[in-house]
Amino acid sequence: MTTTRSPPPPPPRARRAVASPSEQLAAAHVHVQPTTISLQPSNKKDLSKSKKILRRVRSVFRSFPINIPPACKIPVPFHDGHVHLHGGPRMTGTLFGYRKARVNIVIQENPRCLPLLVLELAIPTGKLLQDMGLGLVRIALECEKKPAEKTKIIDEPIWTMYCNGRKSGYGVKRKATDEDLGFMQMLHGVSMGAGVLPTATDGNNDQEGDLTYMRAQFERVIGSKDSETYYMTTPDGNDGPELSIFFVRV
């Protein structure tokens, strides 16, 4: 009698592994594109010699205690009684940094331009914003004057910093990092205001606090090749945070 053997059963199909929720979330972020930087270079061109002379003459006249006729702009007094004559070019200034870390100041021609100047000051961001909420803050950045100096004052690499007359460490000029440009890109639609910027959460950020910012218009006044000042302006002359940054060679 012939025995009929049944065919062997088919091999079991390999079950597809199911990714955990954390693996799915990580995979979803693999193709996330980095923030696209659309900031444009400054349109500001070098001034001609005649324009530079005219600007210097105007700056000298601003320092004279003259009577202002009705047709001219009215000077705005500071809290301490000093007078500032408006009329310089307007720039966009942004203060940002982690509350417990050093504050950064970025100057742009407008919010959609690449930074003209990036400063890092030896004062915590939270401390500076707190002082500005209490009244006028004056920051003086001094460097040594050298004979036959040709470097622009804002291109000096390091300054001694004084905050409201007290020596407070140093201010350093640095190049804008990718992180700086990313923050400026986030704020390219903001002309003025304050708030908190979103960041990746990690232990270091938790220790340094939130990444806060404050943006306002600054008026740039060039006194000479050895002095330059940025005055924070408020809309319609309203009382608000006031900040003056003085660059000077001594």
Side-chain angles (χ1 to χ4, degrees), residues 39 42 78-79 84 88-142 153-154 156 158-199 204-205 208-221 228-235 238-248:
L39 301 176
S42 173
F78 286 146
H79 297 310
H84 165 219
R90 296 292 180 93
M91 316 291 286
T92 298
T94 308
L95 288 72
F96 72 96
Y98 295 100
R99 285 192 174 274
K100 299 178 183 179
R102 294 182 176 183
V103 66
N104 302 280
I105 298 179
V106 174
I107 301 295
Q108 300 166 274
E109 186 175 312
N110 63 63
R112 298 180 181 273
C113 286
L114 291 169
L116 295 173
L117 176 65
V118 181
L119 293 175
E120 182 177 322
L121 305 182
I123 180 173
T125 306
K127 172 64 175 172
L128 179 58
L129 295 178
Q130 180 182 8
D131 291 345
M132 291 174 61
L134 299 176
L136 176 64
V137 175
R138 289 185 160 201
I139 294 177
L141 298 171
E142 295 184 357
I153 189 166
I154 61 171
E156 293 284 355
I158 188 169
W159 298 271
T160 302
M161 185 179 73
Y162 296 85
C163 185
N164 287 342
R166 300 179 60 182
K167 188 173 181 180
S168 304
Y170 295 91
V172 179
K173 179 182 178 179
R174 61 177 179 81
K175 293 183 178 180
T177 64
D178 292 340
E179 187 178 23
D180 296 332
L181 296 178
F183 294 150
M184 295 303 102
Q185 179 65 37
M186 281 190 247
L187 298 174
H188 76 279
V190 179
S191 59
M192 61 180 60
V196 178
L197 292 172
T199 58
N204 293 333
N205 294 353
E208 296 180 347
D210 296 327
L211 180 61
T212 59
Y213 78 91
M214 180 176 183
R215 170 166 283 182
Q217 295 294 307
F218 282 76
E219 186 174 330
R220 180 186 185 187
V221 177
E228 189 167 324
T229 307
Y230 291 82
Y231 297 98
M232 177 183 284
T233 60
T234 54
N238 294 330
D239 292 334
E242 292 188 10
L243 174 67
S244 300
I245 305 174
F246 302 87
F247 296 86
V248 62

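Gly171 approaches Leu141 most closely through the heavy-atom pair CA-CD2, 4.4 Å. For the residue pair Tyr98 and Gly209, the shortest heavy atom distance occurs at CD2-O, 3.1 Å. The two residues Asn110 and Thr92 make their nearest non-hydrogen contact at CA-OG1, 3.6 Å. Between Arg220 and Ile154, the shortest heavy-atom contact is NH2-CD1, 4.2 Å. Scanning both residues, Met214 and Met132, for their nearest heavy atoms gives SD-CE, 3.8 Å. Closest approach of Ala176 and Leu181 over heavy atoms only: CB-CD2, 4.1 Å.
Contact check for Lys173 versus Val118: no side-chain heavy atoms found under the 4.5 Å cut-off. Inter-residue side-chain proximity for Leu95 and Leu128 is flagged as met; some heavy-atom pair is nearer than 4.5 Å. Side-chain contact check for Leu197 versus Leu187: some heavy-atom pair is nearer than 4.5 Å. Between Val190 and Pro111, every side-chain heavy-atom pair lies at or beyond the 4.5 Å cut-off.
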### Message
Trp159 vs Phe247, test: ring pair (Phe, Tyr, Trp, His ring centres under 6.0 Å). Steps then yes/no.
### Response
CA-CA 8 Å; Trp159 298 271; Phe247 296 86; 5.2 Å; yes
### Task
Decide side chain to side chain donor-acceptor pair (under 3.5 Å) for Arg99 and Thr125; before the verdict, give the C-alpha distance in whole Å, the side-chain angles of both, and the deciding distance to 0.1 Å.
CA-CA 5 Å; Arg99 285 192 174 274; Thr125 306; over 6 Å; no
### Pair Met91-Leu116, side-chain contact (heavy atoms from CB on, under 4.5 Å): steps then yes or no
CA-CA 10 Å; Met91 316 291 286; Leu116 295 173; 3.3 Å; yes
### Task
Might you work through the side-chain contact (heavy atoms from CB on, under 4.5 Å) test for Tyr170 and Met161, ending with a clear yes or no?
CA-CA 5 Å; Tyr170 295 91; Met161 185 179 73; 5.7 Å; no
### Message
side chain to side chain donor-acceptor pair (under 3.5 Å) for Arg174 and Asn104? Distances and angles first, verdict last.
### Response
CA-CA 10 Å; Arg174 61 177 179 81; Asn104 302 280; 2.8 Å; yes
### Task
Please step through ring pair (Phe, Tyr, Trp, His ring centres under 6.0 Å) for the pair Phe96 and Phe183, ending with a clear verdict.
CA-CA 9 Å; Phe96 72 96; Phe183 294 150; 5.7 Å; yes
#### Entry: Evaluation steps, side-chain contact (heavy atoms from CB on, under 4.5 Å), between His188 and Leu39
CA-CA 8 Å; His188 76 279; Leu39 301 176; 4.2 Å; yes
### Task
Carefully, step by step, assess Arg102 and Ile123 under the rule side-chain contact (heavy atoms from CB on, under 4.5 Å).
CA-CA 5 Å; Arg102 294 182 176 183; Ile123 180 173; over 6 Å; no
### Message
Checking Asp180 against Lys175 for the salt bridge (charged side-chain N to carboxylate O under 4.0 Å, His left out) test, could you report, in this order, the C-alpha distance in whole Å, the side-chain angles of both residues, the deciding distance, and whether it holds?
### Response
CA-CA 9 Å; Asp180 296 332; Lys175 293 183 178 180; over 6 Å; no
### Task
Quick one: do Arg215 and Gln108 satisfy side chain to side chain donor-acceptor pair (under 3.5 Å)? Show the steps, please.
CA-CA 11 Å; Arg215 170 166 283 182; Gln108 300 166 274; 3.0 Å; yes
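Atom CD1 of Ile105 sits about 5.0 Å away from atom CD1 of Ile139, to the nearest 0.5 Å. Interatomic distance, Ser191 OG to Arg112 CZ, rounded to the nearest 0.5 Å: 10.5 Å. Atoms NZ and CD, on Lys167 and Glu142 in that order, are 9.5 Å from each other to the nearest 0.5 Å. From Phe218, atom CZ reaches atom CD1 of Ile107 across 5.5 Å, with rounding to the nearest 0.5 Å. Rounded to the nearest 0.5 Å, atoms OG (Ser244) and OH (Tyr230) are 13.0 Å apart. One finds the CG atom of Leu136 at 11.0 Å from the CG atom of Asp131 (value rounded to the nearest 0.5 Å).
For Thr233 (side chain) and Gln217 (main-chain N/O), a donor-acceptor pair under 3.5 Å exists by modelled atom type. The backbone N or O of Gly88 sits less than 3.5 Å from a side-chain atom of Glu219, completing a donor-acceptor pair.
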